[in-house]
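Accompanying notes for the structure given below.
Sequence lines set the chain letters: A, B, ... in the order given, protein chains first and strands last, and positions in each chain run from 1. Not measured: the values here are computed from a predicted model.
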Number of protein chains: 2
Amino acid sequence: MTLADQAVEAGAGRQSMARARRRIRAKCHVQAEALRLFAERGYAQVTVDEIARAADISSRTFFRYFPSKEDVVLWDEYDEPSLREEVWGLPLAEDPLERTILILRKIIYDEYLADRDLLFARISIALSTPSVRARFVAQQIADAELMFSTIAGSWGMRAEDLDARVMAASLYAAVMVAVERWHSGGGRDDLGRLFDGAVRALAEGAWRLQPIGLRLPSSPG
Amino acid sequence: MTLADQAVEAGAGRQSMARARRRIRAKCHVQAEALRLFAERGYAQVTVDEIARAADISSRTFFRYFPSKEDVVLWDEYDEPSLREEVWGLPLAEDPLERTILILRKIIYDEYLADRDLLFARISIALSTPSVRARFVAQQIADAELMFSTIAGSWGMRAEDLDARVMAASLYAAVMVAVERWHSGGGRDDLGRLFDGAVRALAEGAWRLQPIGLRLPSSPG
DNA sequence: GACAAGATGGCAGAGACTGTCAACATGGCG
DNA sequence: CGCCATGTTGACAGTCTCTGCCATCTTGTC
């Protein structure tokens, strides 16, 4: 069973799943062409028309696949099935925090193993193009929050707790730092190990935060 | 001495500082008109042409003031002098981490006190408009990293340490959460206190993170 | 094969943004 | 005061992203 199949089954199931599979394949093809052109000439120097021509579609169809030019970089196959599927599929952990970390780790690892070069190409553009980078960051945070609130909800915690939101965003930070480090190392390191390192750094850094936190609640100044 | 004055002094000093002061005042005026229109009709429903007309400038001039439509929301007076000025001006703290927190806190507090309604209007649009929100988030992170690397550098730490970067991003997370909470409370709470709470949440979360961090370095999973 | 649902392409158009250039304001200086 | 250098503005034309609309073609179903 291919990735596309899984995606479709999880999706709006009722319709013909062949259509959806074709659609995903088509999107992959367009993305590949786009990334090739971006690598050659840079993101800003390639127009949507050119991508469409390279992928043998009309530019109108391009925008039916990807809501914006940025999305052709951000999108990946794994976006198609809802994140929630992944969430429920993982083995339980006692702690919502630990579970979030395990899930994040799995997602990172899956993508990493699936197609290292593709991931590297996407990250390269995401990190070097400000507008794409901004959306990249925002998307990561949204994902982390979705996961955390889902998990926290299933444990009876309120997702709006300061703690939940701060931790979700901080975990994103760990992902982001790991990804950047991985990229700056030319993609040769082990992304999973870098992520572990970032999580440990977070634990240690926040540890040193304890005495400061206690000292804070005094005056505004 | 007005804010504008300070900004100019810190800036490319050599020229006539009257010019720069006028420029900042003009930008403030354009921003005020823009926010007024956005509040009336929503960000997307207002064109740059309309903002320009309302502020009595040409749209070409608008883009000379603000590189993009989004920036008219994101910009504030305090962006003009370099952040570094603020950094060096604050009383020393033993720990770079603590110092970063104090600086963040001061910046938040200054803006907060300067013009609560203006800040609230800007945050409202930043949070509700996806494209602006993405840039808002990215900007916060960049600021936090700039500060942290400046401070870390002055203490002889390497700014590229995993620890430094993770903590910078996590602190941003605390700011973000505090700002969102402040906004959802209608701007009535004390922003500084909310920030303190977020920092404490981070410290506590890290506490719970420690055992997980130690358990991680095993298998990819 | 016929029919319904969905996917596509082409076209026109709004709106964000940029390059260029000529007109204009400003501040300093003889 | 007049003049020059420098910086600021507006107008215009043009590019590019993105959208609505509609006619056309493909696909899956019966």
Side-chain angles (χ1 to χ4, degrees), chain A residues 4-5 8 11-30 33-34 37-38 41-75 80 125 129-132 134-135, chain B residues 4 8 11-31 33-34 37-38 41-75 80 125 129-132 134-135:
Chain A
D5 293 336
V8 172
R14 213 43 50 224
Q15 331 184 5
S16 97
M17 87 179 224
R19 257 197 237 282
R21 224 184 303 135
R22 247 200 320 272
R23 183 186 168 85
I24 291 180
R25 258 198 294 274
K27 287 176 76 165
C28 284
H29 175 236
V30 175
E33 292 297 316
L37 292 174
F38 292 158
R41 275 184 287 153
Y43 180 84
Q45 279 64 51
V46 178
T47 71
V48 171
D49 272 350
E50 291 172 313
I51 299 171
R53 215 172 304 129
D56 274 311
I57 56 171
S58 72
S59 64
R60 191 66 188 78
T61 297
F62 175 95
F63 284 111
R64 269 193 273 258
Y65 285 169
F66 305 100
S68 80
K69 183 183 174 186
E70 288 155 7
D71 286 284
V72 82
V73 180
L74 299 176
W75 178 83
E80 299 283 326
I125 297 161
T129 311
S131 67
V132 181
R135 291 226 17 219
Chain B
V8 172
R14 211 46 47 226
Q15 335 182 2
S16 96
M17 86 178 227
R19 258 197 236 281
R21 225 183 302 133
R22 246 200 323 271
R23 183 186 169 84
I24 291 181
R25 259 198 292 275
K27 287 176 76 165
C28 284
H29 175 237
V30 175
Q31 184 184 50
E33 291 298 317
L37 292 174
F38 292 158
R41 274 184 289 150
Y43 180 83
Q45 278 65 51
V46 178
T47 70
V48 170
D49 272 351
E50 290 172 313
I51 299 171
R53 215 172 306 128
D56 275 310
I57 57 172
S58 73
S59 64
R60 190 67 187 80
T61 297
F62 175 95
F63 285 111
R64 270 193 274 259
Y65 285 171
F66 305 100
S68 79
K69 183 182 172 186
E70 288 154 9
D71 287 284
V72 81
V73 180
L74 299 175
W75 178 84
E80 300 282 328
I125 296 161
T129 311
S131 66
V132 181
R135 292 225 19 218

*Roughly, in whole Å, what's the span from CZ in Phe63(A) to P in dG20(D)?*
13 Å

*Please answer whether the main-chain N or O of Glu70(A) pairs with a side-chain N or O of Tyr43(A) as donor and acceptor at a distance below 3.5 Å.*
yes

*Search all heavy atoms of His29(A) against all heavy atoms of Ala55(A) and return the closest pair with its distance.*
CE1-O, 3.7 Å

_OP1 or OP2 of dA7(C) versus the side-chain N and O atoms of Tyr65(A): is any pair under 4.0 Å?_
no

*dT17(D) P sits how many Å from Phe66(A) CZ, rounded?*
15 Å

*Which one, dG10(D), dG28(D), dT26(C), comes nearest to the side chain of Arg19(A)?*
dG28(D)

*Picking from dT26(C), dT27(D), dT9(D), which would you name as closest to the side chain of Arg22(B)?*
dT26(C)

*State the NZ-OG distance between Lys69(A) and Ser59(A), to the nearest 0.5 angstrom.*
12.5 Å

*Does Thr61(A) place a side-chain N or O at less than 4.0 Å from the phosphate oxygens OP1/OP2 of dT8(C)?*
no

*Would you mind reading off the distance between Tyr43(A) atom OH and dC16(D) atom P, rounded to a whole angstrom?*
14 Å

*asked:* I'd like to know whether Lys27(B) forms a side-chain contact (heavy atoms from CB on, under 4.5 Å) with Gln31(B), so could you lay out the CA-CA distance, the side-chain angles of the two residues, the decisive distance to 0.1 Å, and finally the verdict.
replied: CA-CA 6 Å; Lys27(B) 287 176 76 165; Gln31(B) 184 184 50; over 6 Å; no

*Do the side chain of Arg60(B) and the base of dG19(C) come within less than 3.5 angstrom through a donor-acceptor pair of N or O atoms?*
yes

*With sugar-phosphate meaning primed atoms plus P, OP1 and OP2, does Arg23(A) contact a base, only sugar-phosphate, or nothing at under 4.0 Å between heavy atoms?*
nothing

*asked:* Rounded to whole Å, please give me the gap between CD in Glu70(A) and C1' in dA16(C).
replied: 13 Å

*asked:* Measuring to OP1 and OP2 of dA11(D), would you say a side-chain N or O of Ser58(B) lies under 4.0 angstrom away?
replied: no

*Please identify each residue that fulfils ring pair (Phe, Tyr, Trp, His ring centres under 6.0 Å) with Phe66(A), with sequence neighbours left out.*
Phe62(A), Trp75(A)

*What's the CZ-P distance between Arg64(A) and dG20(D), to the nearest Å?*
11 Å

*Starting at CZ of Arg21(B) and ending at P of dT26(C), how long is that distance when rounded to a whole Å?*
14 Å

*Specify the separation, in whole Å, of atom CZ of Phe62(A) and atom C1' of dT17(D).*
10 Å

*Just checking Ser68(A): base, sugar-phosphate only, or nothing, at a heavy-atom cut-off of under 4.0 Å?*
sugar-phosphate

*Starting from P on dT27(D), measure out to CZ on Arg25(A) and report it in whole angstrom.*
13 Å

*In terms of side-chain heavy atoms of Lys69(A), which of dT17(D), dT18(C), dG9(C) is nearest?*
dT17(D)

